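Quick caveat: nothing in here was measured; it's all calculated off a predicted structure. Numbers restart at 1 for each chain; the letters A, B, ... are given by sequence-line order, proteins then strands.
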Amino acid sequence: MEKKVTISVKGSPPVEIRAQGLNGLKALRALSMDNMERMAAIKINGEIKDLSAEINSSAELEPVYIDSQEGLQILRHSAAHVMAEAVRELFPGTKVTIGPAIKNGFYYDFDYERAFEANDLPKIEKRMAEIIEEDLPFIRNEIPHSEAIDFFRSEGEPYKVELIEELSEEAITMYRQGNFTDLCRGPHLPSTGKIRAFQLTHVAGAYWRGDERNAMLSRIYGVAFADRESLNAHLKNLEEARKRDHRVLGRKLDLFTIRDDVGPGMVIFHPNGAMLRRIIEEFEIKEHLKRGYELATGPQLLKTELWKKSGHFDHYREHMYFTSIEDQSYGVKPMNCLAHMLIYSSKVRSYRELPKRYFELGTVHRHERSGVLHGLIRVRQFTQDDAHILCTPEQLKVEIQNILDFVRDIMAIFGFDYDLEISTRPKKSIGTDVDWQKATKALIDSVEEYNLPYQINQGEGAFYGPKIDVMLKDALERSWQCATIQCDFALPERFDLTYVGPDGEKHRPAMIHRVILGSIERFLGVLIEHYAGAFPLWLAPVQAIIFTITDRNIPYGEDLLETLSGAGIRAGKDFRNEKLSFKVREAQMKKIPYMLVVGDKEMETGNVTTRLRDGRNLPPMSPKEVVDRIRDESKNRR
RNA sequence: GCCAGCGUAGCUCAGCAGGCAGAGCAACUGAUUUGUAAUCAGUGGGUCGGGGGUUCGAUUCCCUUCGCUGGCUCCA
């Protein structure tokens with residue numbers, strides 16, 4: 001008797017069908033599913049598989065469409081395989097390594113006699129288009145471990161051999177399309193023809209397995225989407241994002257410059273930029289004082305001996321700058337913690353005064369490798385909104401939760417979404433395992449009690465303790481670490497910090513290093529992109545600009561300027577003998593929130609006509625009404 | 001630091017099979033007294049990132065160095 005199985009798909013009645021030769025595609029066809037041509041894969045009892053996967057027992061099925069999150073992932077991965085085939089064909093001798101799908105696209109790392117360059121991409125794209133045109137099926141195949149190794153050896157693919165040697169599975173899954181076979185878990189599209197919209201974007205160097213001791217490979221990046229329209233939309237988005245780039249806006253808005261002759265990673269803030277950061281710094285000081293922090297200020301140079309004591313010399317030296325004064329060696333501070341600990345240890349502390357929260361807008365210098373510098377976001381001198389909290393171990397969790405509250409409040413004001421990441425003990429570190437475990441647990445417990453989603457990064461903590469990082473995204477969707485909360489049992493130990501407990505005995509306090517914005521420079525960079533340069537009124541370096549229509553209006557304009565400045569509003573003027581539209585255009589490009597027009601009409605009535613940055617005009621108001629409006633809006637941080 | 005690409009006027013960029021270095025915007029001067037995203041006319045401005053080499057001659061080719069960009073790595 002022939003075997004039958006029952007298959008079903010959510011939302012429609014189950015169907016009984018002959019098991020012989022049944023696969024995903026046939027099953028979905030039997031269930032008369034719509035949009036068959038848009039299917040990329042299938043879920044069989046929740047497990048994602050190729051459409052060609054065999055079905056030999058009753059199962060619940062779910063199609064995976066090519067434009068779904070999972071479908072796109074498969075599409076991009078398949079595109080990577082097609083690229084690998086094209087490259088191997090066009091550049092004989094190329095060894096393939098790995099080629100995953102990534103956000104919006106894919107990459108593949110190759111080892112070739114020379115690095116690939118942008119000029120090579122059109123040729124590769126052309127060949128890929130041909131492979132897609134041929135509509136070659138992706139064929140899955142499982143072979144024994146040893147056979148897989150033999151196969152890739154014979155193909156001259158040492159990287160694949162290395163990968164397989166590390167796999168413990170008996171059977172190795174391979175995928176083949178045309179004459180290219182790759183080690184791959186899958187799933188893949190049914191055939192290359194489903195790749196409708198892709199583009200190779202750029203090349204880059206990348207180390208084999210991300211380790212700089214390994215060979216430098218040549219990576220080619222591409223993007224791929226379900227259809228041409230989505231691809232074009234994505235490319236257009238990228239274009240828009242580039243216009244938001246803080247390095248471009250920084251110049252246009254006259255915020256800052258970074259110059260060769262000054263030094264890489266060293267920022268010069270122009271008046272507008274300096275104003276912007278000062279507004280943020282003053283805001284921060286207020287917010288910290290509100291939450292029980294005390295101000296502290298440490299020196300820029302501290303004796304090298306002290307950096308040895310703290311462990312920075314052993315673990316962080318390559319990022320530090322040293323100098324010598326009267327035969328004494330000094331280190332320029334890369335972190336602010338030392339002075340804060342010394343304030344703590346300047347007298348005997350009682351448990352009654354804990355927690356101590358020391359806050360400093362501390363400027364630090366770090367020797368970042370030249371290749372990583374990036375506008376304001378990665379620099380060599382920056383100012384942190386840094387605090388160190390010394391508390392009893394029992395207070396640790398509440399303190400961490402207070403900080404998480406603080407982060408939430410501040411990010412809400414700026415309108416940022418963020419992700420949390422917890423990093424654990426790195427190889428190069430100080431302190432005992434027990435302390436590391438305690439500290440790591442404190443961090444995880446705090447976040448979990450808050451029901452906040454988080455991701456764990458194994459071995460990525462600071463050398464003195466585990467940490468929670470708050471990641472913000474820039475215009476190009478790159479994530480940047482801003483706030484960070486780091487636990488530390490090691491430094492209090494090294495500096496022999498103590499407090500007297502209720503029992504009259506000395507105890508060791510725990511320490512938290514934390515920043516909310518992180519680096520003011522980096523935060524500003526992300527902020528510029530976040531607002532596309534159109535800062536809300538409370539942050540705008542110039543909040544209002546006054547325009548005259550003719551020279552007759554200048555005295556009235558000067559009076560108005562005085563009124564505004566007197567009221568604490570950051571106001572400017574454009575009294576030049578130019579047409580109004582010309583002045584409006586300039587102010588508009590500088591993204592100034594309020595444009596205040598004073599002409600003969602306004603002089604007669606003693607009023608002001610206001611144009612807002614979004615193009616709206618307000619009815620004429622008295623100078624006092626304008627002042628009140630701007631002050632209100634500014635106070636509400638809009 | 002590593003791989004690749006790129007450095008031309010204040011900015012954005014053109015030029016260069018090796019033969020006197022260009023545009024637009026900005027700046028400056030003059031005219032215009034102007035009502036919500038560019039008034040007109042004129043003028044000045046470059047050791048073609050720095051150093052070295054090849055050449056009769058280098059912005060152009062080669063080497064080197066500094067810097068920038070995209071990644072890798074690292075991190076606020």
### Message
With a 4.0 Å limit, can you tell me whether A/Lys467 has a side-chain N or O closer than that to the phosphate oxygens OP1/OP2 of B/A76?
### Response
yes
### Task
Considering only NZ, NE, NH1 and NH2 on the basic side and carboxylate oxygens on the acidic side, decide whether A/Arg114 and A/Asp120 come within less than 4.0 Å.
yes
### Task
Mind checking A/Glu578 for me? I need base, sugar-phosphate or nothing, with any heavy atom below 4.0 Å counting as a touch.
base
### Query
Touch check for A/Asp386, heavy atoms < 4.0 angstrom, all strands: base, sugar-phosphate only, or nothing?
nothing
### Query
Looking at B/G71, B/A4, B/G35, which one has an atom nearest to any side-chain atom of A/Thr609?
B/G35
### Message
Does B/U69 have OP1 or OP2 under 4.0 Å away from a side-chain N or O of A/His202?
### Response
no
### Quiz item: A/Glu602 side-chain donor-acceptor pair to B/G35 base, under 3.5 Å
yes
### Query
Is any side-chain N of the basic residue among A/Lys236 and A/Glu239 closer than 4.0 Å to the acidic one's carboxylate O?
no
### Query
Under 4.0 angstrom, heavy atoms only, what part of the nucleic acid is A/Val379 near: base, sugar-phosphate, or nothing?
base
### Task
Please work out if A/Arg259 contacts a base, only the sugar-phosphate, or nothing of the nucleic acid, heavy-atom cut-off 4.0 Å.
nothing
### Message
Applying a 4.0 Å non-hydrogen cut-off, can you work out what A/Gly210 is touching in the nucleic acid: base, sugar-phosphate, or nothing?
### Response
sugar-phosphate
### Message
What contact category does A/Glu117 fall into here, base, sugar-phosphate, or nothing, at under 4.0 angstrom with non-hydrogen atoms?
### Response
sugar-phosphate
### Query
Within the structure shown, what part of the strands sits under 4.0 Å from A/Asp551 by heavy-atom distance: base, sugar-phosphate, or nothing?
base
### Message
If you assign A/Val597 and A/Tyr316 each to the RNA chain B nucleotide with the nearest heavy atom, which residue ends up on the more 5' nucleotide?
### Response
A/Val597
### Task
Examine B/A37: is either OP1 or OP2 under 4.0 Å from a nitrogen or oxygen in the side chain of A/Ser581? Give yes or no.
no
### Query
Does any donor-acceptor pair link the side chain of A/Gln381 with the base of B/A76 at a separation under 3.5 Å?
no
### Message
Is there a side-chain contact between A/Arg247 and the phosphate of B/U69, meaning an N or O under 4.0 Å from OP1 or OP2?
### Response
yes
### Query
Can you find an N or O donor on one side and an acceptor on the other, under 3.5 Å apart, linking the side chain of A/Arg378 with the base of B/C74?
yes
### Query
Counting any heavy atom closer than 4.0 Å, what does A/Asp600 reach on the DNA or RNA strands: base, sugar-phosphate only, or nothing?
base
### Message
Both distances below 3.5 Å, Watson-Crick or wobble geometry, any strand: find the nucleotide opposite B/C72.
### Response
B/G1
### Query
Given B/C75, is OP1 or OP2 found less than 4.0 Å from the side-chain N or O atoms of A/Gln481?
no
### Message
Under 4.0 Å, counting only non-hydrogen atoms across every strand here, what does A/Gly205 touch: a base, just sugar-phosphate, or nothing?
### Response
base
### Task
Using heavy atoms to find the nearest nucleotide of RNA chain B for A/Leu373 and A/Glu368 separately, return the residue whose nucleotide is more 5′.
A/Leu373
### Message
Suppose we call a contact any N or O donor and acceptor under 3.5 Å apart; does that hold for the side chain of A/Tyr207 and the base of B/G71?
### Response
no
### Query
Which is true for A/Phe382 with a 4.0 Å heavy-atom rule: it touches a base, it touches only sugar-phosphate, or it touches nothing?
base
### Message
Regarding A/Lys601, tell me which of base, sugar-phosphate or nothing describes its non-hydrogen contacts under 4.0 Å with the strands shown.
### Response
base
### Task
Indicate, with a heavy-atom threshold strictly under 4.0 Å, whether A/Tyr221 touches base, sugar-phosphate, or nothing.
sugar-phosphate
### Query
Can you tell me the Watson-Crick or wobble partner of B/G30, both distances under 3.5 angstrom?
B/C40
### Query
Base, sugar-phosphate alone, or nothing: which one does A/Ala115 contact when heavy atoms must sit under 4.0 Å apart?
sugar-phosphate
### Query
OP1 or OP2 of B/A37 sitting under 4.0 Å from any side-chain N/O of A/Arg611?
yes
